[in-house]
Amino acid sequence: DVGSDRTEEVDVVDKPGLNFGWPCYEGTARSPLYKGQAICKKLYAKGRAAVKDPLVAYPRSTVIGGPFYTGSTWPSQFHDAYVFGDWEASWIKFLTRESDDRYSAKPTDLAAKAAGPVEIEFGPDGNLYYVSLNLGQVRRISFQG
């Protein structure tokens, strides 16, 4: 979830009908831009339990959603991992699956200097590919034992 002006989020939709608070919340904080809106006042009156908190939230940049790893060429720690990036901060990270319904809330670096990733996908060969907007390239990340 690209934030309005303060916070980027990674949210987990694990059942239908969840409310992630947009645009009334950014991360777990009330959005100063929308707090006066009637819809937000109504949501705030319901309390924090009415909104599902993000799994990961960090200061405003440009989060890029990515894929889940379902292949078999990378180590088992990556099985069902969620990969995401940030164009402005130029990194790619992943979240590991801890149980059937839970992901780690602490991202792990995968590419610290990804040069502005804007699209991230796993290819049929098991490698991770991303479009580096800053370099005008499609780049590959492969696991090297």
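Quick note: numbers below take in every heavy atom, side chains included, and nothing from hydrogens, waters or symmetry partners.
- Using a 4.5 Å heavy-atom cutoff, the side chains of Phe122 and Thr70 are not in contact.
- Of all the heavy atoms in Pro107 and Lys93, the pair that sits closest is CB-CD, 3.8 Å.
- Checked by atom type and distance alone, the side chain of Ser90 pairs as donor or acceptor with a backbone atom of Gly116 at under 3.5 Å.
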### Query
What's the verdict on side chain to side chain contact (heavy atoms under 4.5 Å, CB included) for Val13 and Lys52, showing C-alpha distance, side-chain angles and the deciding distance?
CA-CA 9 Å; Val13 181; Lys52 181 168 180 177; over 6 Å; no
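- Minimum heavy-atom separation, Tyr69 to Trp74: OH-N, 2.9 Å.
- By the 4.5 Å heavy-atom criterion applied to side chains, Ile141 and Asn127 are not counted as neighbours.
- Arg139 approaches Lys113 most closely through the heavy-atom pair NH1-O, 4.3 Å.
- Nearest heavy atom pair, residue Pro32 against residue Lys35, reads O-CG, 3.8 Å.
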### Task
Just do the side chain to side chain contact (heavy atoms under 4.5 Å, CB included) check on Asn19 and Leu43 with the steps written out, would you?
CA-CA 10 Å; Asn19 186 334; Leu43 182 60; 3.7 Å; yes
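- Cys40 contributes atom SG, which lies 10.0 Å from atom CG of Leu33 (distance to the nearest 0.5 angstrom).
- Between Leu128 and Leu110, some side-chain heavy-atom pair lies under the 4.5 Å cut-off.
- Taking the six-membered ring for Trp, Tyr44 and Tyr25 have ring centres closer than 6.0 Å.
- Looking at Asp86, its side chain does come within 3.5 Å of a backbone N or O of Thr62 through a donor-acceptor pair.
- In this structure, CD on Glu9 lies 9.0 Å from OG1 on Thr28, to the nearest 0.5 angstrom.
- The hydrophobic cluster containing Tyr129 also contains Leu133, counting ILVMFWY residues as joined when their side-chain heavy atoms lie under 4.5 angstrom apart, directly or transitively.
- Here the CZ-OG1 distance, from Phe78 to Thr96, works out to 9.5 Å after rounding to the nearest 0.5 Å.
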### Message
Using the rule given for side chain to side chain contact (heavy atoms under 4.5 Å, CB included), can you reason through Tyr103 versus Val56, listing the C-alpha separation, both sets of side-chain angles and the distance that settles it, and then say yes or no?
### Response
CA-CA 10 Å; Tyr103 276 83; Val56 175; over 6 Å; no
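- By the criterion of side-chain heavy atoms lying less than 4.5 angstrom apart, applied directly or through intervening Ile, Leu, Val, Met, Phe, Trp or Tyr residues, Trp22 is not grouped with Leu18; the two fall into different hydrophobic clusters.
- Taken from SG in Cys24 to NZ in Lys42, the straight-line distance is 11.0 Å, to the nearest 0.5 Å.
- When all heavy atoms of Ala115 and Ser132 are compared, the closest pair comes out as O-OG, 2.6 Å.
- Thr7 places no side-chain N or O within 3.5 Å of a backbone atom of Ala57 that could act as its donor or acceptor partner.
- Hydrophobic clustering (ILVMFWY, side-chain heavy atoms < 4.5 Å, transitive): Val131 and Leu135 are in distinct clusters.
- Inter-residue side-chain proximity for Ile120 and Pro67 is flagged as met; some heavy-atom pair is nearer than 4.5 Å.
- Rounded to the nearest 0.5 Å, atoms CZ (Phe94) and OG (Ser104) are 9.0 Å apart.
- Grouping the Ile, Leu, Val, Met, Phe, Trp and Tyr side chains by contacts below 4.5 angstrom, directly or via other members, places Phe20 apart from Val63.
- Counting heavy-atom neighbours within 6.0 Å of Trp87 CH2, excluding the residue itself, gives a total of 12 or less.
- Put simply, NZ on Lys106 and CD on Glu98 are 12.0 Å apart, with the number rounded to the nearest 0.5 Å.
- Note on ring orientation: taking the six-membered ring where Trp is involved, the planes of Tyr82 and Phe68 are tilted (angle from 30° to 60°).
- When the options Val83, Ile64, Ile92 are evaluated for a side chain to side chain contact (heavy atoms under 4.5 Å, CB included) with Tyr130, the one that passes is Ile92.
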